[in-house]
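Scope of the values below: all heavy atoms of this structure, side chains included, with no hydrogens, waters or symmetry mates. Chain naming here is simple, since letters A, B, ... match the order of the sequence lines and numbering starts at 1 in each.
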Amino acid sequence: MADHHDDLPKFCHPVPTKLLFGVFFALIFLTILTVVVSALAGSMGIPSAFMFPIAMTLATAKAFLVCAFFMHMWWDKSFNVIAFLSSLLFVSLFICMTLMDTGHYQSTIESYDVNQMPGVAELESEPAE
Amino acid sequence: MAVADHSHDHHDDHHDHGEFIAHHFDSPEQQFDSGKLGIWLFLVTEVLFFSGLFVAYTLYRNHHPEIFDQAHVYLNKYLGGLNTIVLLFSSLTMALGVRSAQLGKNKSCGIYVLITMVCASMFLGVKAVEYSHKWDMGILVRSAFDFTYTHPDQTIISGLSNYLVYLSVIPLLLLVGFIITSVVFRLIDKAVWSKFWMGMAITVGGYFLGVVIGYLFMAAKIGEAKHAYIEPVRPIALYAMTQDTDHAKEDHAKSDHVKGDGHDKDHDDEHDDEHHDAAHANGEHHDDHGHGEHHGEIPEFDRNVGTFFSIYYCMTGLHAIHIIAGIIALGWLYFRCLNNHWRSDYFGPVDYVGLYWHLVDLIWIYLFPLLYLID
Amino acid sequence: MVDSSARKALFDTPETHFLNCTKGWKSWAFTLDHKRIGIMYLIGVTIALLLAGTFALVLRTHLWAFDGALPMSDDMYNQMFTLHGAVMVFSFIIPSVPAALGNIVLPMMLGAKDVAFPRMNLASFYLWIIGTGMLLAAILSGYGLDTGWTFYTPYSIETQTGVIWATFGAFVLGFSSIFTGLNFLVTVNTMRSKGQGWFQLPLFIWSLYATAIIQVLATPVLGITLLMLIAEKTMHIGIFDPKYGGDPVLFQHFFWFYSHPAVYIMILPAMGVISELISVYSQKRIFGYSFIAFSSVAIALLGFLVWGHHMFTSGQSQVVTLIFSAITFTVAIPSAVKVFNWLATLYKGSILLNTPMCFALSFIFLFGIGGLTGLFLGALSTDIHLHDTYFVVAHFHFVMVGGTLTALLGGVFHWWPKVWGRMYNDFLGRVSCFMVFAGFNLTFFPQFVMGSRGMPRRYASYDPEFLAFHQLSTIGAFVLGWGIVLAVGVLIYAAIKGPRCGANPFKAASLEWQSSSPPDFHNFVHNPLLNDPYDFDAMVFDEELGTYISREFADPSKVPPRKEPVHH
């Protein structure tokens, strides 16, 4: 895929200029597409529930292009790729567990009124040590 | 240790082989692989560092979608889109810079790195326009949130924002300083240093380019909307001070009998203890009940909207800090480009900084639709 | 054995070694040598240990009487235990085994000259100093810190004490920890000797690798959590602060997403040390190598799935509570795998009961108790009863002190002759081990009893019915304290005045013992001969050198040529 230079060390892997420019224009296209879809969503009759997945899919497509070609992941050692992608696993774990839990106790938070809590006035008037 | 010279260095290469190979590595390849794995792991830590904010975003968006619906209209999606394109372009030039370094073309690598830096500070310039505009409107973090207009078209502000002027002071000083330094080095015949500082001056110039373009975008919008303008608000420090005294008076009147002396001491202690930035001083004394009547005038506007902007400022602020760190790292690369350090068996630092830069771009790729394009 | 001079050149204590190859304070302050950085780390964490230990003794002295024996206000008591916890956790335990011992030993075990990023290694040490300084600045600021080491919201937002200093200190310490972890991951991946496969690595490396995974994945979350807390405290951004519509329980999620895995940052390297000690001092191949190796990785990964068990009573939803409780029990499996393998290694081994081994055996005992009592706390119904009592305090001290501190001391005694080339007084070492063991049990066993009877933690005074238990505990704490001081004394004396020891006095087989003691600046003056780190039969005693060497080295013709050192 990349330029082949016999005389370069094997860890040196220049990406062809054409490919880089191609990726760049694809990214610009996707960006404009995202903005346009978002602006015209109402008139195109896309239900708003779909907007978020669409936006995220487009963003992920862009992320893939950047990772694979700008960041040389396509040609990189698989260990590096796995190491990087595994971080997403932990992020999703973090998001899912907290989302699941906070979803269950939201009502408690919404009914919280600081002024009703016993001891608040005393706490605030307590002189600092 | 010695490695056959495969480099395509067209410049006069005075290096001995292995000059840049640290003593504990056996070969350039081992050194490169170590650095590469190191930077990937560093990117892992960066992803997890940002993950906290993404979690906060996801939770609040899930539990309070109405806040996000109300809030996002105050973000200018065209400025956001412009910034996205600027960053994508900088990613392209960065990738081209890595390619040049791999081929040992130090001069073109330097040019690409310089363009990347200019784009980076242009991004910051546009961001400064966005931030100052919001501060003018009183769109601040949750506790300081003081925005009273229910529609974005009512919020157009004419004239130069004071906040923008303040934000631009440091870049201006840097610009002047860099130019002077560059000239001084020219006078004492240190061409490389002179070039380097001139490059940094051009970089800072990118910030002002960003400010101008951002402002033109805003002005275009003012032109098309024919609504009442509001005056720019007072400078932030002054604003905070007046808020402080007003609020203190109010508080005393309200709660003299409860709090007495201890209250005063409280306030003083806080002031000594924490380093307030202006927004803080502003925020601390705005609690919900303190300004109840003020907000009573517009009941339909949810004050919790401030939470969205808290998250917005945290995410974009942290991202901006990463951009600044990136500019510093790129400046270091630029300096080494000028010294013709890169060869095809030694280009690691360009590659590593490049990866970091692309990650900053990646994060923005997600931030843009998440913050600006909510519908 | 033909001519010993070639062997002497390799294994006798050399004229110049890493301790004296350069001189002056600058050669230490700006050193990039992993061994020197490790020693500086060791000194640093020892100071932190003694400081935070002194805080603990003040607490215990105060608790001698049920209404407080010292003229100390309750607020001061709160500040005292907070600083004890924060300094112990962030400044002592987390860097203790990996950053101090690991730094000294890890590159040598791989046959490498240094870690992959020596400058980053030094930066990690200086960040540690800055971070610890900022934690302590919380005291010096005159406000103290009284949130507990966990900085729970909303109290940490409301309190007037030095939360910002302390959180920023912990943030900086987090970066120090990330740097160490990242360095180790890369070093193990790219700098192993030629032909050294993953399964030829000593188990200490595996455990450090697993630890480093946690450091890299979890610590950044602590960083962002603390930054958000600082933003919340200064600007009230309304994410954690219920006054502004925030969610205080969310802070606990954030905090424990890091801090539970961090518990394994504390214990995993200790387990690695124990694997080495048990095997060497039983002179027997470690039983179940791959099980121990993979159980380290399993613990590291499972550690990310159980953070909610710290929040059973803090408003977490029942569904999530059940999930976390169930997964918590699974952590017991890899932990037990390790303990069983150590016991199986001991079985029919030729056991040498010297100081490191005594520490290793006490580790197994104390960690066993600490781990098993953890099951009580992981079980929902009993945890509701035991939550925030002395039972919890005793449980985590059994794991963190009985586990990590004991392993640290054992490891230091094990590698001390390697670092300084001098032997310690084994009798006094064993006395210190006995004092630590006895004192520790006397301190914390009564706390299990008190806790199960309802003595809440973090209280400055208590019901008189607990008096006897508290007094026993206080006596034990002083015995423990003096035991540690004695151990430190024995080690310092050995480093200065101890008798010279050979390259490998313990007949250990891993690579670091193939260097001279103290090692050369580049660790090895020859290319280390790859051998199985647990093949003790390959080691023979060399009469002329007075030490154990690998069988291949007995024949000088097989001694690999000296490497050309590259000096900068």
Side-chain angles (χ1 to χ4, degrees), chain A residues 5 7-17 20-21 23-24 27-28 31-32 34-35 38-39 41-42 48 51-52 55-56 58-60 62-63 66-67 69-72 76-77 79-81 83-84 86-88 90-91 94-95 98-99 102-103 106 109 114-115 121 124-128, chain B residues 3 6 8 28-29 32-33 36-37 40-41 43-45 47-48 51-52 54-55 58-59 62-63 77-78 81 84-85 88-89 91-92 94-96 98-99 102-103 258-263 265-266 269-270 288-289 344-345 347 351 354-355 358-359 361-362 365-366 368-370 373-375:
Chain A
H5 297 264
D7 45 355
L8 290 176
K10 74 175 173 179
F11 59 88
C12 178
H13 217 287
V15 183
T17 323
L20 292 178
F21 274 98
V23 169
F24 172 67
L27 287 170
I28 296 294
T31 307
I32 293 169
T34 318
V35 178
S38 147
S48 59
M51 275 316 297
F52 181 71
M56 282 300 100
L58 290 173
T60 307
K62 285 160 73 179
V66 171
C67 280
F69 303 111
F70 282 177
M71 297 173 92
H72 304 183
D76 210 332
K77 288 187 172 149
F79 186 87
N80 294 351
V81 177
F84 181 67
S86 70
S87 69
L88 301 180
F90 286 88
V91 174
F94 191 14
I95 292 181
T98 46
L99 189 59
T102 52
Q106 269 312 299
I109 291 185
V114 69
N115 302 310
E124 282 180 344
S125 63
E126 217 171 336
Chain B
V3 171
H6 296 312
H8 272 223
E29 183 173 9
F32 176 79
D33 285 347
K36 189 104 173 182
L37 178 58
W40 276 116
L41 290 173
L43 297 192
V44 167
T45 68
V47 169
L48 280 146
S51 75
F54 279 100
V55 169
T58 317
L59 297 189
N62 248 282
H63 302 319
K77 60 175 80 165
Y78 299 103
T84 310
I85 289 171
L88 287 175
F89 184 69
S91 260
L92 171 71
M94 190 68 233
L96 289 169
V98 173
R99 183 188 147 84
Q102 284 172 326
L103 298 174
V258 187
K259 292 174 180 173
D261 281 336
H263 185 72
K265 192 159 179 288
D266 236 355
D269 282 347
E270 273 182 46
D288 272 328
H289 38 285
S344 47
D345 63 348
F347 58 89
D351 204 3
L355 285 176
H358 295 311
L359 184 87
D361 185 23
L362 271 184
I365 284 178
Y366 279 98
F368 174 56
L370 285 179
L373 301 178
I374 303 165
D375 275 297

Check your understanding: A:Leu27 versus B:Thr84: any side-chain heavy-atom pair under 4.5 Å?
Key ->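 Side chain of A:Leu27 against side chain of B:Thr84, heavy atoms only: no contact under 4.5 Å found.
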Beyond-backbone contact of A:Thr31 with A:Lys62, side-chain heavy atoms, under 4.5 angstrom =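 When only atoms from C-beta onward are counted, A:Lys62 and A:Thr31 do touch, with a gap below 4.5 Å.
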Original post:
So, for A:Phe70 and A:Phe24, is the gap between ring centers shorter than 6.0 Å?
Top reply: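 No.
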(message) Please identify, among A:Ile28, A:Leu88, A:Thr102, A:Ile32, the residue contributing the most non-hydrogen atom pairs under 4.5 Å to chain B.
(response)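 Ranked by contacts with chain B, first place is A:Thr102.
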Quick one: of A:Val35, A:Leu58, A:Asp76, who has the most non-hydrogen atom pairs under 4.5 Å with chain B?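 Most pairs with chain B among the choices: A:Asp76.
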Report the relative orientation of the aromatic rings in B:Phe347 and A:Phe11; use parallel for angles under 30°, tilted for 30 to 60°, perpendicular for over 60°.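 Parallel, since the angle between the ring planes stays under 30°.
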Open item on the list: Taking side chain as everything from C-beta outward and backbone as N, CA, C, O, which of these in A:Thr60 sits under 4.5 Å from a heavy atom of chain B? Side chain, backbone, both or neither.
Closed with: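 When you check distances to chain B, atoms from both the backbone and side chain of A:Thr60 fall under 4.5 Å.
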Requested in this report: Tell me, for A:Phe52 versus chain B, whether the close heavy atoms (under 4.5 Å) come from the side chain, the backbone, both or neither.
Outcome: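 Side chain of A:Phe52 only, per the 4.5 Å heavy-atom cut-off to chain B.
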Proximity breakdown for [X] and chain A, heavy-atom pairs closer than 4.5 Å:
{"X": "B:Leu362", "result": "side chain"}
{"X": "B:Phe89", "result": "both"}
{"X": "B:Ser91", "result": "both"}

| B:His358 NE2 to A:Met71 CE distance, which is reported to the nearest 0.5 Å |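 Between B:His358 NE2 and A:Met71 CE, I get 6.5 Å after rounding to 0.5 Å.
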Under the 3.5 angstrom rule, does the side chain of B:Arg99 hit a backbone N or O of A:Pro14 as a donor-acceptor pair?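 Pair absent, no side-chain N/O of B:Arg99 close to backbone of A:Pro14.
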